[in-house]
*Asks:* 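The structure under discussion is supplied below as structure tokens; questions concerning it will follow.
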Amino acid sequence: MPRYNPAVVEPKWQAYWAEHRTFAAPRMPTGEKLYVLDMFPYPSGDGLHVGHPEGYTATDIVCRFARMRGRSVLHPMGWDAFGLPAEQHAKRTGTPPRITTEKNIANFRRQLQMLGFSYDWDRELATTDPDYFRWTQWIFLLLFDTWYDAEARRGRPLAELPIPADIKAAGPDAIDRYRDDHRLAYQIEAPVNWCPELGTVLANEEVIGGVSERGGYPVVRIPLRQWMLRITAYADRLEDDLKEVDWPEGVKALQRNWIGRSTGAEVDFYVGHPVAGIGTVAGVTDPGPASLRPATAGATAPPLTSGLSPLASPSGATAGLPSSASPSPGATGSASASSGSSLSNFADWKAAREKSPFPRKPADDVLRIYTTRPDTLFGATYMVIAPEHPAVARLTSPEQKSAVDDYCDRAARKSDLDRTDLAKTKTGVFTGAYAVNPVNAERIPIWIADYVLMGYGTGAIMAVPAHDERDFEFAQQFGIPIISVVQPPVAGGVAVAGVIDPGPAHPVAGVIDPGDIQTRPASLRPATESSSPPLASDLLPLASPLSPLACFSGLGTAVNSGPYNGLDTATFKERITADLAAAGVGRQAVNYKLRDWLFSRQHFWGEPFPILHELDSSGQPTGRLRALEPADLPLDLPAMTEFKSHGRPEPPLEQAPADWLCPTLGGVRYKRETNTMPQWAGSCWYYLRFIDPKNATAAIDPQLEAAWMPVDLYIGGAEHAVLHLLYSRFWHKVLFDRGVVTTSEPFRKLVNQGMILGEMEYTGYQRADETWLSAAEVREDAAGQTVGAAQEVVTVVKLAPDVVQKQGDAFVLSANPAIKVDSRAYKMSKSRGNVVNPDTVVAEYGADSLRLYEMFMGPLEATKPWSMTGVNGVRGFLDRVWRLFINDRIDERNELSPAIDDSPPTPDQLRVLHRTIKEVTHDIESLGFNTAIAKMMEFVNYFTKLTTRPRACLEPFVLLLAPFAPHLSEELWQALGHKDTLAYEPWPKWDDAAIRETSIEVPVQISGKVRSKITVPADASKEQLEAAARADAKVSELLAGQTVTKVIVVPKRLVNFVLK
RNA sequence: GCCGGAGUGGCGGAAUGGCAGACGCGCUGGAUUCAAAAUCCAGUCCUGGCAACAGGGUGUGGGUUCAAGUCCCACCUCCGGUACCA
């Protein structure tokens, strides 16, 4: 008998589709278009993972469904084929990366075709095709030729960049430099994450916790010439336009967070004028050693800064800021007799600033900081600059030079690993310099610490330990005073215990809302690397750094803030920002966590940059760049035979043959750029090329672009929530600004498929003597060993499901219920040995079963464990479908089951059919594939029981099933006597009239509990329903003698009698 | 710490505020078979009861409502991401 045999049916239809180019999309859409895209895979040597077909099946169902509904569907597939693994394979075996890549692509293509996805294979592309990366390089040139006009909020051609007069006057070289400074693609010499093991530099996001994301190798920071893309210019648009797209809120939140926009103020702190030659600051560095104690390392006495005075008399100034004419009387830095000059300088400076606007770039006499809490300016007790800050040398006093040099050296050498994992305690060093707080003329010490990052804001901060956790920790560590300037809100109308009187006294934040506060015994004050600010032992600290303190970083009411006292945080911020601006010492500022995109890699297997470096007669680079002409693209990789890493950060292409590496153009010798582009480059725009993959004269035809864009549905893994999606949005916006594309966003709707875990596992734990211990006692020790309560090493034992049972909310050994075991599913991994290979599944169950199971497991976006018996279950369903149609008593050919006839369907049968059509249709539209399949199962269960099955019901069912199990459906469609593929058959329509039931069963509740059920006409009115309910024997019995206070009747739903 | 997501039978999971557990897996019983596989039929949340039926039940504790898995408040647990961004 012919049983359902996918091994025969599936290849047959795959061949048919390929031969007939069934799924080739039209060049231009006819009618309504639908562009459905999968995140294309990196074709690894391991082949497809069962995680891949999850999203691919979902999009395939949507596409097949849409075709049957008459839409023009674009559904392409390609390969993100540049990448490190092929290059590492080349290093090991000498096989050129292109060979490895092609082999892997062939395998991936075979696997995808084996699953019957309806891709338009005519549009297949790989990022490694010269015909493709020609245009990747072209887009790079476009970025290179674009500057961002912040006022117009868009990228414009470099030719339109206005050149300031002074630059113009300085000559052509200055103009070139000015232009280079404004390109979206630019070069910098920057510390990068060099990974010796991988032989490459990694982007920040490729370094996780100080080791490489791939492989987990250590990473160190070294300076290197790099290409950067100015994505930060687009930060606000990338954030704003998230409003336009239909994406999961979680992904949008991740992107917003990554962009990390914050609003605050930049404020200049006066530091005085540099003294020629020495690099210290005359104005504010404590001058004479006479007033200093030697800054001995490990000093245990609380190091005090000078001049922190109570703010009892916050100057008579009526404006918020002390006027330059009358500096705050308490602010004269009384600790050091010689500091008067700094204040008079400060006064001059302030006076000058009041007359001129806030300078665009800070001069050397100030330290510019960025803060989101300008309302805490009065609480600033020190400053911190990053070790890489350009002002470090300038601010360091001779006494501190060796300590500072030492600290900065170490910071520079520190890998990210050192900065994260090991940096449990704050470190820092005093520069010897002081800055003057513009709001109260206080002199505060300037420190260097690596908790301030050069890459954010201005690389310098004012530290407000009372209201910032990090500053608080640092201040605790180094004994720096802590001044409270924000009173936490009172809880429930009553001041919380511990708040100090905000009167003239001070300061120390006492307390308060446990949520926002962190207390810390002052006793933990390790003597850390530092040299302390000079001591002024005759001064009493206002806030003893030794007393237990608290840090409050929330919003509240201003105290100790002169004229601003009593303001709430928000109002204060607004007002002081305006006041600072008026005084010429500050301005409102916006900052982003987002950094410019490090765009070069030291790989061979990536897109070469279409850039030439001009060489002088001695072969040295002149610093002038020359971009290749678009007509000269693609620039292909050179033929190379040697891929071995030379272990230096320079790229492998440095070893390229000379004729590639050093071309001569127009008599000038050049050296090619030897960095290559990162893997993200190719995936940044592939969705555009799919629309016009063979175009030899443009990246994409504008007409086609306008017709097909945007991508209507984009499905892929959540791991791309930030990088890939942010990078492609960035490129897309540049292409939009430059008129290449017509939409501001590339992907209208985005869905992340969930992760597929391995099979559920039960795990028990045994001691060396084979006695069991409970899972609750087991943990991992510092070395990653699994140990028991007594530190003994235990063995992990995989248990069969039949030796465990559920007890309460945990699983225990059936043989010994006192022993709890772990039960969970783990991420698939080679090391755990729980990887499921699609080839195996297809061989055993067929592609349709695999597809169906992937969809039936649960909601698309959920994380779910694999289950082979589950696959077997859906295979059982497909077997039943087969037998519903095919007479399995005949061997030779597919003959319809004798139960199928042309009899007119009964109303019941029609109801089942139409309900199924309606529900399956709705479920596909909402991507609820698991429930769609359940509805089809119900259909099959119903019709299997019938001995006569009207063809009029079964034929539409085949069409419903087709998007899910296309091979089987085509086979059945053919057996039903159709000649052509069903791929373009009209999707069945349902008739609500056929679904409508004449009578329905409605529950009757008494005080909310179901007590009976009544059968009533489907369209029964409220009154009829209530009457029918009262008439019910059981209900009337229960209602007898009771007082009904309320009757709720919901037509078609229920009747509820509420008793007293 | 922070940001997401999720907690419902033995398992995967269903439920526009309106009969909790659709559908599937597994399990139990039956039919078929010499036997098995396959297939078909029936049952399967828990407790009590022969049964009809009664009571309980969606992570925990409160609340709103005639009615809560679903809405609100507080918390617990797990999974994923992220981390000195001033």
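Letters go in sequence order (proteins before strands), and every chain restarts at 1.
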*Asks:* Calculate, to the nearest 0.5 Å, the distance between atoms CG and NZ belonging to A/D923 and A/K935 respectively.
*Replies:*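 Result: 4.0 Å between the selected atoms.
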*Asks:* Write down the distance between NZ (A/K806) and P (B/rC46), rounded to a whole number of angstrom.
*Replies:*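 Rounding to the nearest Å, NZ of A/K806 and P of B/rC46 are 13 Å apart.
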*Asks:* Looking across every strand, which nucleic acid part, if any, lies under 4.0 Å from A/K1034 by heavy atom: base, sugar-phosphate, or nothing?
*Replies:* sugar-phosphate
*Asks:* For B/rA68 and B/rG63, measure between their C1' atoms and round to the nearest Å.
*Replies:*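 Going atom to atom, C1' in each nucleotide, I get 11 Å.
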*Asks:* Sticking with atom C1', work out how far B/rC45 lies from B/rC27, rounded to a whole angstrom.
*Replies:* 14 Å
*Asks:* Syn or anti for B/rG69, given that syn means the glycosidic angle lies within 90° of 0?
*Replies:*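 B/rG69: anti glycosidic orientation.
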*Asks:* When rounded to the nearest Å, what value does the distance between P atoms of B/rC41 and B/rC23 take?
*Replies:*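 Taking atom P in both B/rC41 and B/rC23, they lie 13 Å apart.
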*Asks:* Specify whether A/F478 and A/W447 have parallel, tilted or perpendicular ring planes, treating 30° as the upper limit for parallel and 60° as the lower limit for perpendicular.
*Replies:* tilted
*Asks:* Taking all non-hydrogen atoms of both residues into account, name the closest pair between A/A235 and A/I259 and its distance.
*Replies:*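 Heavy atoms of A/A235 and A/I259 come nearest at O-CG2, 3.8 Å.
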*Asks:* Distances under 3.5 Å between protein N/O atoms and the N/O atoms of nucleotides 76-79 of chain B, please, pair by pair.
*Replies:*
none

*Asks:* Atom pairs under 3.5 Å, N or O on each side, protein against nucleotides 57-65 of chain B: can you list them with distances?
*Replies:*
none

*Asks:* Using whole Å, report how far CD1 of A/I448 lies from C1' of B/rC84.
*Replies:*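 Checked: the CD1 to C1' distance equals 17 Å.
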*Asks:* Whole Å only: how far is the CD1 atom of A/I756 from the C1' atom of B/rG80?
*Replies:*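 Rounded to whole Å, this separation is 16 Å.
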*Asks:* Taking atom CG of A/L594 and atom CG of A/D596, what is their separation to the nearest 0.5 Å?
*Replies:* 7.5 Å
*Asks:* For A/L860 and B/rG13, what is the distance between atoms CG and P respectively, to the nearest whole Å?
*Replies:* 13 Å
*Asks:* Starting at CD of A/E861 and ending at P of B/rG13, how long is that distance when rounded to a whole Å?
*Replies:*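 After rounding, the gap between these two atoms is 14 Å.
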*Asks:* Could you tell me which residues satisfy side chain to side chain contact (heavy atoms under 4.5 Å, CB included) with A/K1022, sequence neighbours excluded, listed by chain and number?
*Replies:*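 In terms of side chain to side chain contact (heavy atoms under 4.5 Å, CB included), with neighbours along the sequence ignored, A/K1022 is linked to A/V1049, A/P1051.
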*Asks:* Would you measure the distance from the P atom in B/rU64 across to the matching atom in B/rA22 and give it in whole Å?
*Replies:* 32 Å
*Asks:* Measure the distance from NE2 on A/H467 to C1' on B/rC84 and round it to the nearest whole Å.
*Replies:* 19 Å
*Asks:* Suppose you measure atom P in B/rC11 against the same atom in B/rG4; what distance do you get, rounded to whole Å?
*Replies:* 30 Å
*Asks:* How are the rings of A/W866 and A/Y853 set to each other: parallel, tilted or perpendicular (split at 30° and 60°)?
*Replies:*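 Taking A/Y853 first and then A/W866, their aromatic rings stand perpendicular (interplane angle over 60°).
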*Asks:* P atom, B/rC75 versus B/rG69: distance in rounded Å?
*Replies:*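 The answer is 23 Å between these two P atoms.
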*Asks:* Could you tell me how far apart A/W247 (CH2) and B/rG5 (P) are, to the nearest whole angstrom?
*Replies:* 16 Å
*Asks:* Say you draw a straight line from CG of A/L1054 to CD of A/E1001; how long is it, rounded to the nearest 0.5 Å?
*Replies:*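 It comes to 12.5 Å.
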*Asks:* Base, sugar-phosphate, or nothing: which does A/S1007 touch, judged by heavy atoms less than 4.0 Å apart?
*Replies:*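 Answer is nothing: A/S1007 stays at 4.0 Å or more from every strand.
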*Asks:* Using a 4.0 Å cut-off on protein heavy atoms (strictly under), produce a 5'-to-3' string for nucleotides 14-32 of chain B with B for base contact, S for backbone-only sugar-phosphate contact, and - for none.
*Replies:* S-B-BB--BBSS-------
*Asks:* Applying side chain to side chain contact (heavy atoms under 4.5 Å, CB included), name anything that partners A/T372, two or more places apart in sequence or on another chain.
*Replies:*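 A/T372: side chain to side chain contact (heavy atoms under 4.5 Å, CB included) contacts with A/S262, A/Y370.
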*Asks:* Among B/rA86, B/rG10, B/rG13, find the nucleotide with the atom closest to the side chain of A/Y370.
*Replies:*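 The nucleotide sitting nearest to the side chain is B/rA86.
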*Asks:* Return whichever of A/T944 or A/A253 has its heavy-atom-nearest nucleotide of RNA chain B closer to the 5' end.
*Replies:*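 Comparing both residues, the 5'-ward one is A/A253.
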*Asks:* Quick one: do A/K426 and A/D450 satisfy salt bridge (charged side-chain N to carboxylate O under 4.0 Å, His left out)? Show the steps, please.
*Replies:* CA-CA 8 Å; A/K426 297 266 186 294; A/D450 66 1; over 6 Å; no
*Asks:* Taking the same atom, P, in B/rG57 and in B/rC46, what whole-Å distance lies between them?
*Replies:* 16 Å
*Asks:* Indicate, with yes or no, if the rings of A/F474 and A/Y382 have centres closer together than 6.0 Å.
*Replies:*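 Yes; A/Y382 has its ring centre under 6.0 Å from that of A/F474.
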*Asks:* So which heavy atom on A/H467 is nearest to which on A/V485, and how close?
*Replies:* NE2-N, 2.8 Å
*Asks:* Return the minimal non-hydrogen interatomic distance between A/M383 and A/A435, and the atom names on each side.
*Replies:* CG-CB, 4.0 Å
*Asks:* For a quick check of understanding: with a heavy-atom distance under 4.0 Å over all strands, which category does A/K252 fall into, base, sugar-phosphate or nothing?
*Replies:* nothing
*Asks:* Report which part of the nucleic acid A/R1011 touches: base, sugar-phosphate, or nothing (heavy-atom distance under 4.0 Å, all strands).
*Replies:*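 Here A/R1011 touches the backbone only, sparing every base.
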*Asks:* Whole angstrom is fine here: how far is it from CZ in A/F929 over to C1' in B/rG13?
*Replies:*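 Rounding to the nearest Å, CZ of A/F929 and C1' of B/rG13 are 17 Å apart.
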*Asks:* Give me the atom names and distance for the closest heavy-atom approach of A/L799 to A/T763.
*Replies:*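 Shortest heavy-atom separation between A/L799 and A/T763 comes out as CD1-C, 3.9 Å.
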*Asks:* For the OG atom of A/S823 and the CD atom of A/E761, what is their distance to the nearest 0.5 Å?
*Replies:* 10.5 Å
*Asks:* Counting the atoms with a prime plus P, OP1 and OP2 as sugar-phosphate, which does A/F811 contact under 4.0 Å by heavy atoms, base, sugar-phosphate, or nothing?
*Replies:* sugar-phosphate
*Asks:* So what stems show up for RNA chain B if we need 3 or more Watson-Crick or G-U pairs in a row, all under 3.5 Å?
*Replies:*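 Counting only runs of 3 or more consecutive pairs, the stems involving RNA chain B are B:1-7 with B:76-82, B:10-12 with B:23-25, B:26-31 with B:39-44, B:45-48 with B:53-56, B:59-63 with B:71-75.
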*Asks:* Provide the distance between the two C1' atoms, one in B/rG7 and one in B/rG59, to the nearest whole Å.
*Replies:* 6 Å
*Asks:* May I ask you to establish whether A/R875 and A/F877 are in a cation-pi arrangement, using a distance under 6.0 Å from NZ or CZ to the six-membered ring centre and at most 45° from the ring axis?
*Replies:*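 Negative - A/R875 is either too far from the ring of A/F877 or too far off its axis.
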